[in-house]
Asker: 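First, the structure itself, so that you have it in front of you.
Remember, it's a predicted structure, so these values are computed and weren't measured experimentally.
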Amino acid sequence: MGGDRPGVTVVAFDLMDTLVRDPFREALRAATGRDVRELFALRDANAYPALERGEIDEATYWASYGDADIPVDPERFHEVRRDGTTWLPGMRRLVADVRAAGCRVVVASNYPHWLAEHADGLLAGQVDDVVGSYQLGARKPGAAFYLRLLA
């Protein structure tokens, strides 16, 4: 009975805090000088999900902080974000083992367009494909994300 079912051919991993360390909160703190809980209480709660879905650009996202009278330094944010994104222990090896077993490895992330940097840098040569919510116009855990990913 098991012989008539195909084996696993693709494995999809989330990126942030699954394969790599996510420095988003510390980057926001560095860019604003404020505690993340305070920021989340003050800022437009819809702005980041809209950025992740590709509905707004980065300039509009940062403008949402200005709309809440929160000064922000996007360059500092990106500096801390880039420096803090590193492989979690054992995860690069796990990805290599999955690929060695004959599976394609896909990163499927809610991360906004900054994901492209990781596809060309940290993930280059390590995974077979990188797909972001900004490309699909939908976020996990919504069904639309997974249906579009499969398509």
Side-chain angles (χ1 to χ4, degrees), residues 5-37 39-40 43-66 70 72-151:
R5 290 190 333 194
V8 175
T9 59
V10 178
V11 176
F13 288 97
D14 184 34
L15 181 63
M16 293 300 176
D17 286 337
T18 301
L19 295 180
V20 302
R21 182 180 167 279
D22 184 2
F24 180 79
R25 291 173 183 262
E26 69 191 63
L28 269 182
R29 180 185 208 93
T32 64
R34 294 186 182 205
D35 179 75
V36 175
R37 288 180 299 253
L39 287 174
F40 288 177
R43 71 173 187 172
D44 176 359
N46 296 312
Y48 191 69
L51 180 67
E52 287 184 325
R53 288 188 302 268
E55 296 168 356
I56 63 171
D57 63 14
E58 187 171 348
T60 303
Y61 172 68
W62 293 126
S64 73
Y65 283 83
I70 302 168
V72 64
D73 180 349
E75 288 180 24
R76 181 72 178 133
F77 171 84
H78 287 300
E79 177 185 336
V80 172
R81 178 185 62 76
R82 287 181 186 114
D83 290 346
T85 305
T86 57
W87 283 92
L88 290 171
M91 296 313 287
R92 188 187 319 222
R93 175 60 189 244
L94 174 63
V95 167
D97 289 349
V98 170
R99 289 180 85 199
C103 294
R104 290 187 69 236
V105 172
V106 175
V107 168
S109 176
N110 276 343
Y111 215 51
H113 66 278
W114 310 319
L115 182 62
E117 284 179 14
H118 299 310
D120 294 337
L122 189 70
L123 300 172
Q126 307 292 314
V127 301
D128 298 296
D129 203 359
V130 179
V131 180
S133 54
Y134 72 97
Q135 296 163 304
L136 301 176
R139 296 176 70 236
K140 295 181 291 173
F145 179 93
Y146 296 103
L147 292 170
R148 292 172 190 175
L149 177 65
L150 290 171

Asker: Between Thr85 and Met16, is there a side-chain heavy-atom distance shorter than 4.5 Å?
Answerer: yes
Asker: Any non-hydrogen side-chain atom of Ile70 less than 4.5 Å from a side-chain atom of Arg34?
Answerer: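 Yes, at least one pair of side-chain atoms sits under 4.5 Å.
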Asker: Provide the closest heavy-atom pair for Ala138 versus Ser133 in the form atom of the first, atom of the second, distance.
Answerer: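 It is O-CB, 3.0 Å.
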Asker: Between Leu149 and Leu136, which heavy-atom pair has the shortest distance, and what is it?
Answerer: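 Looks like N-CD1, 4.0 Å.
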Asker: Assert yes or no for the condition that the ring centre distance of Tyr48 to Phe24 is strictly below 6.0 Å.
Answerer: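 Distance test on ring centres: under 6.0 Å, yes.
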Asker: Should Arg76 and Glu79 count as an ion pair when the cut-off is N to O under 4.0 Å?
Answerer: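 Salt bridge present between Arg76 and Glu79.
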Asker: Please check: side-chain N/O of Arg139 versus main-chain N/O of Arg53, any donor-acceptor pairing under 3.5 Å?
Answerer: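 Not a single qualifying donor-acceptor pair exists.
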Asker: Does some side-chain heavy atom of Val10 sit less than 4.5 Å from a side-chain heavy atom of Asp129?
Answerer: no
Asker: I need the Arg92 CZ to Leu122 CG distance, nearest 0.5 Å.
Answerer: 6.5 Å
Asker: Checking Arg148 side chain against Gly137 main chain: does a donor-acceptor pair fall under 3.5 Å?
Answerer: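 Yes.
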Asker: Looking at side-chain heavy atoms only, is the closest gap between Phe40 and Arg25 below 4.5 Å?
Answerer: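 SC-SC contact between Phe40 and Arg25 confirmed.
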Asker: Report the distance from atom CG of Leu28 to atom CG of Asp73, rounding to the nearest 0.5 Å.
Answerer: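 Rounded to the nearest 0.5 Å, the CG-CG separation comes out at 11.5 Å.
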Asker: Could you check if a side-chain atom of Leu94 sits within less than 4.5 angstrom of a side-chain atom of Phe13, using non-hydrogen atoms only?
Answerer: yes
Asker: Does Val105 offer a backbone N or O that forms a donor-acceptor pair with the side chain of Asp128 under 3.5 Å?
Answerer: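 Yes: the side chain of Asp128 pairs with the backbone of Val105.
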Asker: Kindly indicate whether the side chain of Lys140, heavy atoms from C-beta on, has any atom under 4.5 Å from the side chain of Asp14.
Answerer: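 The answer is yes, as the side chains (C-beta and beyond) meet within the 4.5 Å cut-off.
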Asker: Nearest heavy-atom pair of Phe77 and Ala31: which atoms, and what distance?
Answerer: CB-CB, 3.6 Å
Asker: Mind checking the OG1-CZ spacing from Thr32 to Arg43? Nearest 0.5 Å is all I need.
Answerer: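 One gets 10.0 Å once the value is rounded to the nearest 0.5 Å.
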Asker: Between Val8 and Cys103, what is the shortest heavy-atom contact and its length?
Answerer: O-SG, 3.4 Å
Asker: Taking all non-hydrogen atoms of both residues, which atom of Ala116 and which atom of Tyr134 are closest, and how far apart?
Answerer: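 Between these two residues, the closest heavy atoms are CB-OH, 3.9 Å.
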Asker: What's the separation between atom CZ in Arg81 and atom NE2 in His118, rounded to the nearest 0.5 Å?
Answerer: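 The distance works out to 5.0 Å.
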Asker: Tell me, do Arg104 and Val11 make a side-chain contact under 4.5 Å, heavy atoms counted?
Answerer: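 Result no, sub-4.5 Å side-chain heavy-atom pair not found.
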Asker: Parallel, tilted or perpendicular for His78 and Trp62, by the 30°/60° rule?
Answerer: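 Perpendicular.
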Asker: Which pair of heavy atoms, one from Pro23 and one from Gly84, lies closest together, and at what distance?
Answerer: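 Closest approach of Pro23 to Gly84: CG-C, 3.6 Å.
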Asker: Specify whether Tyr61 and Tyr65 have parallel, tilted or perpendicular ring planes, treating 30° as the upper limit for parallel and 60° as the lower limit for perpendicular.
Answerer: perpendicular
Asker: May I ask you to test the His113-Leu51 pair for a side-chain heavy-atom distance under 4.5 Å?
Answerer: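 Counting from C-beta outward, His113 and Leu51 do come under 4.5 Å.
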Asker: Distance from Arg21 atom CZ to Glu26 atom CD, nearest 0.5 Å?
Answerer: 4.0 Å
Asker: Measure the spacing between CD of Glu52 and CG of Asn110 and express it to the nearest 0.5 Å.
Answerer: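 Atom-to-atom, Glu52:CD and Asn110:CG are 5.0 Å apart.
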Asker: If we ignore hydrogens and angles and just use 3.5 Å, is the side chain of Asp17 paired with the main-chain N or O of Asp22 as donor and acceptor?
Answerer: yes
